[in-house]
Structure formats: C-alpha cells, structure tokens
Amino acid sequence: MNATRVGVDVGGTFTDVILHGADGRATVRKLLSTPPAYDVAVVEAVGELASDADEAPAEVVHGTTVATNAVLERLGSPTALVTTKGFRDVLELRRLRVPHMYDLFWRKPEPIVERRLRFEVDERVAADGSVLRPLDEDEARSLAALLRETGVESVAVCLLHSYVHPGHEQALGRILAEELPGVTISLSSEILREQREYERTATTVVNAYVRPLMSSYIDRIRSGLDGLGLAAPLSIMQSSGGVMTADDARKRPVFALESGPAAGVVAALGIVRRLGIADAIAFDMGGTTAKASLIEAGAIARGREYEAGGSLSAGSRLIRGSGELLRIPTIDIAEVGAGGGSLAWLDAGGGLQVGPRSAGADPGPACYGRGGVEPTVTDANVVLGLLPEGAVADGQITLSRERATVALQRVAEPLELALPDAAAGIHRIANARMTRALRSVSSEKGRDPRDFAIVAYGGSGPVHAAGLADDLGVRTVVVPAVAGLFSAVGLLFARPEFHDVRTCHLDVDTVDPARVSGLLDEMREALAAAFPGEPAGWAATAELRYGGQSWEVEVALPDVDLAALRARFEDEHERLYGVRGQPGSPVEVRAVRLAALGVAPEGDLAIEYTRAGASPGARAIYAEGRLVDAPVRTRASVGVSAESGPLLVDEYDTTVVVPPDWTVRRDEATASLILERTG
C-alpha cells in the first residue's frame, strides 16, 4: 500500500476511523455516532485524522449501516412499484417460507411498498422476447401523472421477463424520468438481470426504498469532505466484500446493505491466513447487533441471497420468510439484535429478556451518563467488572459503575435477584441470543463449530467471546489488534468489485460453448465500461442444477469447459447435500455471473494508539458465581507463552476477557491475542 487511505465504519453506537499512511503507520479514532445524521461523525473523524497526517488521503473507504437501518426500521423513502398487469401482488405472495414452523399465529411481514402504491401497466413480453402487448406511451405518461400525485420519492420498475428482454422496462424508465424530475427510478434490468419474479422485485424495491436516503447521505459526506479541502474519492463497501464507487452506491445502494459487517469478515480472513488457521468463525459484536460468518478452508463463505429485516438476518435457506429476500452478491453473514447497547427488560410473564431494542449512541447505556436509564448489556458487564470504570475511547465517554447499578435495579428488584446475579443473567441471555448467529453459519449448515476457531472483534466481541466458545465447545479464540475498530481495518484492504449476471436455460451436455462465451463477453463489455480504470482480473461462476430441481448450486467457471463444469457441479452438490445424480442425469446451467476485480491493497498495519488503554493492576470480576481478582494487562505486556486466566486486557477500543480455565498468549507477527481453553 503506497498511498494514504482512510477507512470509516459507522455503527449504531460508535464511528470507527483508521488512517493508514504510505509508510505503513496507522492511527485510529473512535467517537460516538451521531444519529440520525451519521455523516456528521464521519466527516469530523476523517477531518481530525487527516489534519494530523503527513499527506492528504488518496481515498476514503466507507462502510455504513444507513441502508440496513432504513430497512430494519422501515425508515426509507416513500416508494412506488410499477409492474406488468397481473403482477401487482408479487410482494404479498412472496415465497412459501415460514420461519417458525409451529407458530400458528405467524403472519407474513407487511410489504415494503403498500398496495395503494403498487401500479400496473398493460404491457407483456413473452419469455422468448416476442411482444404480446406493446407498451403504450400515453398510458405510461398517465401513470407518471398519477405517481406525481402520490408524492413518492422513488419508483421501482419490474416488468415481466425484463431480465432477458429489457426493452419495455427501459422505455418506461425513460418516460418516468422525464415526467418525474427529482424522483429516483430503479429498473430491475439495471439492478438484477435474473429470473424469479419475487426475488427480482424485492431486490429492486429495496434498492428504490433506500436510494434517496443513501444518495443524500453520500452527498452530505462528499460535501463535508470538500469543505475540509479533502478531494480524495469516496468508495463504499459492498456486501460482497469489495468496494464500489460513490456514484454506483448512489444508484445501487442495495449492494451495500451489509457493507460494515462485510469489511470485518475481510479483515478476519487476513488475520487467520497469517496465523495459519484454515477454519474460523468471524464474530463481530458491536453496540446494537452481533454478526457471524464462516471462514472455511481459508476462504470466505459467500451467498447470492440475503434476507434482511427479520429477527435473524442471514443468508441461510433454513430460516426464511420474516424479512425482505434479496438476490445480491454477499458474504454469508448471520446477524441478530444483540449488542453492548441491547436493553434488558421483563416480558409480560416476568421473564428476563435482552434486545433487540438498543440504547444506541443516544442516549446510550446508562453507565455512559448521557441520559440513558434502562439497563443494557454494557451496564451488566460494568457491574460484573468485565469493563473498567472511567474514561474510554479518547475520553468521550466515562463508564460509571454507580449509574450501571441504578439501571440494573430495574430488573434485579422485580426478580428478587442480587445485583451480580441479575447482571450475570443479562450477560448469559445476550450470549444465548448471539449463539443463534454462530450456529446459523456453522451447525445449521452441517459444520461442527468445535472444528473452528472464533475470531472476535467489535467493541463488545472480545468481552463475550470466551463465554460463547464455552457454549459451543470451541477451544480457540483469536482477538486481533484494534479489535474494536476491526471492520474499519477491513475497509483498507478491500478491492474494487463490480458484479453482473445473465439468466439462461442451457443443457450443459448439448449447449454450444459459444453461447456461454457470448454471455460472458456481453457482461465483460458492460463491466469494463462501468469499472473505474482497468480491471485487474475477472471471476466467473455459473449456477447449475439437476433437471427438475428448484434451486441451483454455484461453482467456478474459470474457462468454458462444460464437461469440467458439470464435474465441479456434481462434486459440490455431493459435498453440500451428500448425494449426486445418477450418471448421465440432465444438468442445466441457469445463470452465468461475472465480477470485475480491482487490485487488492497490500501491507501491514503498525497501530499508533492515541490514548493508552489500560492501567496495570487488578480488578474484581464475577466469574463462575463468585468474586475473584483478575490482573489487568496491556496487550503489549502479554507474553508469547501462555498465561492462565482469569485475566483482563483493557484497551483503547475494547476489553479482552480471559476467564478461568482459559489461557492467553500474544502472537508476535500479528499482535493478536490467542485464547485457548484448558478444561
């Protein structure tokens, strides 16, 4: 890496910024997020670090949850859907997927676009491209007038078969753009050139729903950076683990829905490769959510579907139906509403619950002293002694045990529990919620979590990691340097990526290979025109299935050798499902995908903390139901030989908890702390 770059990750509680200089040195900044105007903290933090740097940043890379939060909280822009006559209710019909099999009272979530804002046009293109009913321009302009009256700010257009034959959709899009200045128009043929009406419609609608919000957010950041005299280009992290330009993010924000969590997984992959660990679970616990993702055989688990907005946001097909189903290139991440700011509360039956509501950055946990009064996971951890009292994160907040104690009385007294027992209960319930995410990416996919290490990061991840490992039977936990800002680290090492897809229906044994080559050439031309500069490489994949199946398996397509492609598909099908077809079984190619790849930045980080993290000494903690003294250390003071817990490593950005029956050592090459279970 030979240029100064800045990575900025915005979370629900903190905004993390890291500046990596051309000399390899890096400085960090952690400050409270500024909801709802998250851009304020971004510009402030970048400005502070850039002003102290030897040279101006050459690029600012940003991971944001703005689009995700808009979907989760239903705070997107007023959006309309325009579709072919007869397909108005695709969003209502969805797929026959029920997340809670035996819940007789479960109801489908309300569509993101209510029915009064879903409109039909009387056009029809057949699957072979023949026009059954032409698009009527007068009808289209009348529709535009009707849309104008509704006051919508964004329109999603999804016409039948436009993933292959986009002519009508493109013509309608041009008319709507002419008639509705200031209204964003999202065409499914520009967002997702792929079959299946519900998935294509849902993805395009979510893109339209968050597009005005994301565009405004990016524009405010750009304006703020320009005001500071920082002309560095702004890039946005994608859910796939690559970055996109700000202009592309304005147009296709759905691809950045999981940008912050994806960056953390990219950084986790880099660490485990350097440590020689092949199989790991990346675990990120922040202020509002906890995320998990699988790294297997030295590679990130990826997917093409992601359900956002449910009680568990995940890429697994095992749990579906409670959110919006999106077809986007994504790192396979499971996410639950459990973080340091998650609120503890009593349900109608008097039972103790944790989350998914969060105190966020404003007012934050009660121990912050910023107006919060309800107990949170962070308050419980302060009472348990797992987090230190006093100033943290550059002194922006001060953790108060007294305030945390007052807040926890709200649940301890009704339950007639001693305060430490109530705090321990909150801690364990939070762990139980987060175990859902860890199991979603491991055991629910046929993997034994005991065969994996856990890479723990985020402000709260290292506090809970060893306890979660105990619950899962995992024996090794890795806590990387700057764990509390680790997603921002991942932003610095992500490469540009642009993705495209073409649906097809080809028999792998009889199709002319030139058909597949033609699809690749068509996408290569389109991606090269959109890519900033020259792509450094290409990655092609194909989706195949046995004849009669409903779902596909994605495999690599390094060249158009269809016999080899069939063999790879059958091997992967057997690995995933334990069975392969009879010899000669028909195999279909249902889609071809291509990604244009940029150059991945290289280099190591040499972190310069702006404030010391720990004062040597000891702190009383509650462990295994009793009060014990735990030494407090700095990361640098932890030796390369194993030391036994209980032990605490207080840092600028997090605290690493080493319980009894665990040891800790420091890896010299990466400065990572390696925790290992002895019992």
Side-chain angles (χ1 to χ4, degrees), residues 26-28 30 271 274-275 283 285 340 367 378 380-395 397-399 401 423 427 453-470 474-486 489 605-624 626-679:
T27 53
V28 299
K30 193 177 188 77
I271 284 294
R274 294 187 63 191
L275 292 172
F283 169 64
M285 181 182 177
C367 61
T378 294
N381 287 335
V382 170
V383 168
L384 292 172
L386 303 180
L387 293 177
E389 292 187 82
V392 297
D394 280 340
I397 58 174
T398 300
L399 303 185
R401 182 185 179 88
H427 183 95
I454 291 178
V455 182
Y457 51 97
S460 300
V463 178
H464 291 258
L468 290 168
D470 281 333
V474 173
R475 304 192 67 85
T476 302
V477 172
V478 177
V479 182
V482 288
L485 300 97
F486 203 54
V489 173
L605 289 177
I607 303 299
E608 294 179 349
Y609 286 106
T610 54
R611 183 181 294 270
S615 299
R619 187 161 68 244
I621 65 171
Y622 287 90
E624 300 177 347
R626 60 191 179 90
L627 193 66
V628 298
D629 286 331
V632 177
R633 304 283 292 278
T634 64
R635 181 177 293 256
S637 71
V638 176
V640 295
S641 298
E643 302 180 46
S644 298
L647 185 148
L648 302 170
V649 181
D650 283 346
E651 301 197 272
Y652 164 79
D653 49 348
T654 189
T655 290
V656 184
V657 176
V658 184
D661 297 326
W662 284 79
T663 64
V664 62
R665 60 182 175 84
R666 179 171 52 85
D667 176 73
E668 284 191 302
T670 65
S672 299
L673 297 181
I674 313 297
L675 283 63
E676 295 178 317
R677 181 165 178 79
T678 58

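Index from 1, following the sequence.
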Nearest atoms (heavy-atom pairs only) where [X] meets [Y]:
X      : Y      : value
Gly484 : Thr654 : N-CG2, 4.3 Å
Leu627 : Ala620 : CD1-CB, 3.8 Å
Leu647 : Arg633 : CD1-NH1, 3.9 Å
Trp662 : Arg475 : CZ3-O, 3.7 Å
Leu384 : His427 : CD1-CB, 3.9 Å

Problem - Arg635 side chain to Glu651 backbone, donor-acceptor under 3.5 Å - result: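 Flag not set: sc Arg635 to bb Glu651 has no pair under 3.5 Å.
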Handout entry: Side-chain donor or acceptor of Thr378 paired with backbone N/O of Gly340 under 3.5 Å
Key = yes
Contacts of type side-chain hydrogen bond (donor to acceptor under 3.5 Å, both in side chains), residue [X], not counting sequence neighbours:
X      : result
Glu389 : none
Arg619 : Asp650
Asp629 : none

Problem - For Tyr457, ring pair (Phe, Tyr, Trp, His ring centres under 6.0 Å) partners two or more places apart - result: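 By the ring pair (Phe, Tyr, Trp, His ring centres under 6.0 Å) rule, Tyr457 matches Phe486.
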Side chains of [X] and [Y], heavy atoms from C-beta outward: is any pair under 4.5 Å?
X      : Y      : answer
Asp653 : Val28  : no
His464 : Asn381 : yes
Val489 : Val482 : yes
Leu648 : Ile621 : yes
Thr655 : Leu386 : no

Practice task
Would you give the length of the straight line joining atom OG of Ser641 to atom CZ of Arg665, rounded to the nearest 0.5 angstrom?
Solution key: 9.0 Å
Handout entry: Inter-residue atom distance Lys30.NZ - Leu485.CG, 0.5 Å rounding
Key =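 Reported value, rounded in 0.5 Å steps: 4.5 Å.
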Would you list the atom pairs, donor with acceptor, under 3.5 Å between side chains in residues 672-679 and any protein atom, with sequence neighbours excluded?
{"unit_1": "Ser672", "atom_1": "OG", "unit_2": "Thr670", "atom_2": "OG1", "d": "2.9"}
{"unit_1": "Arg677", "atom_1": "NH1", "unit_2": "Asp470", "atom_2": "OD1", "d": "2.7"}
{"unit_1": "Thr678", "atom_1": "OG1", "unit_2": "Asp661", "atom_2": "O", "d": "3.0"}

Exercise for the section: Give me the one residue out of Thr398, Val383, Val382 that meets side chain to side chain contact (heavy atoms under 4.5 Å, CB included) with Cys367. Expected result: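 Looking at Thr398, Val383, Val382, the match for Cys367 under the side chain to side chain contact (heavy atoms under 4.5 Å, CB included) is Val382.
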Exercise for the section: May I have all residue pairs that pass salt bridge (charged side-chain N to carboxylate O under 4.0 Å, His left out) and include part of residues 453-463, sequence neighbours excluded? Expected result: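 Residue pairs passing salt bridge (charged side-chain N to carboxylate O under 4.0 Å, His left out), neighbours aside: none found.
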With [X], which residues qualify under side chain to side chain contact (heavy atoms under 4.5 Å, CB included), at least two apart?
X      : result
Pro660 : Ala623, Glu624, Pro646
Ala669 : Arg274, Asp667
Ala465 : Ala456, Val477

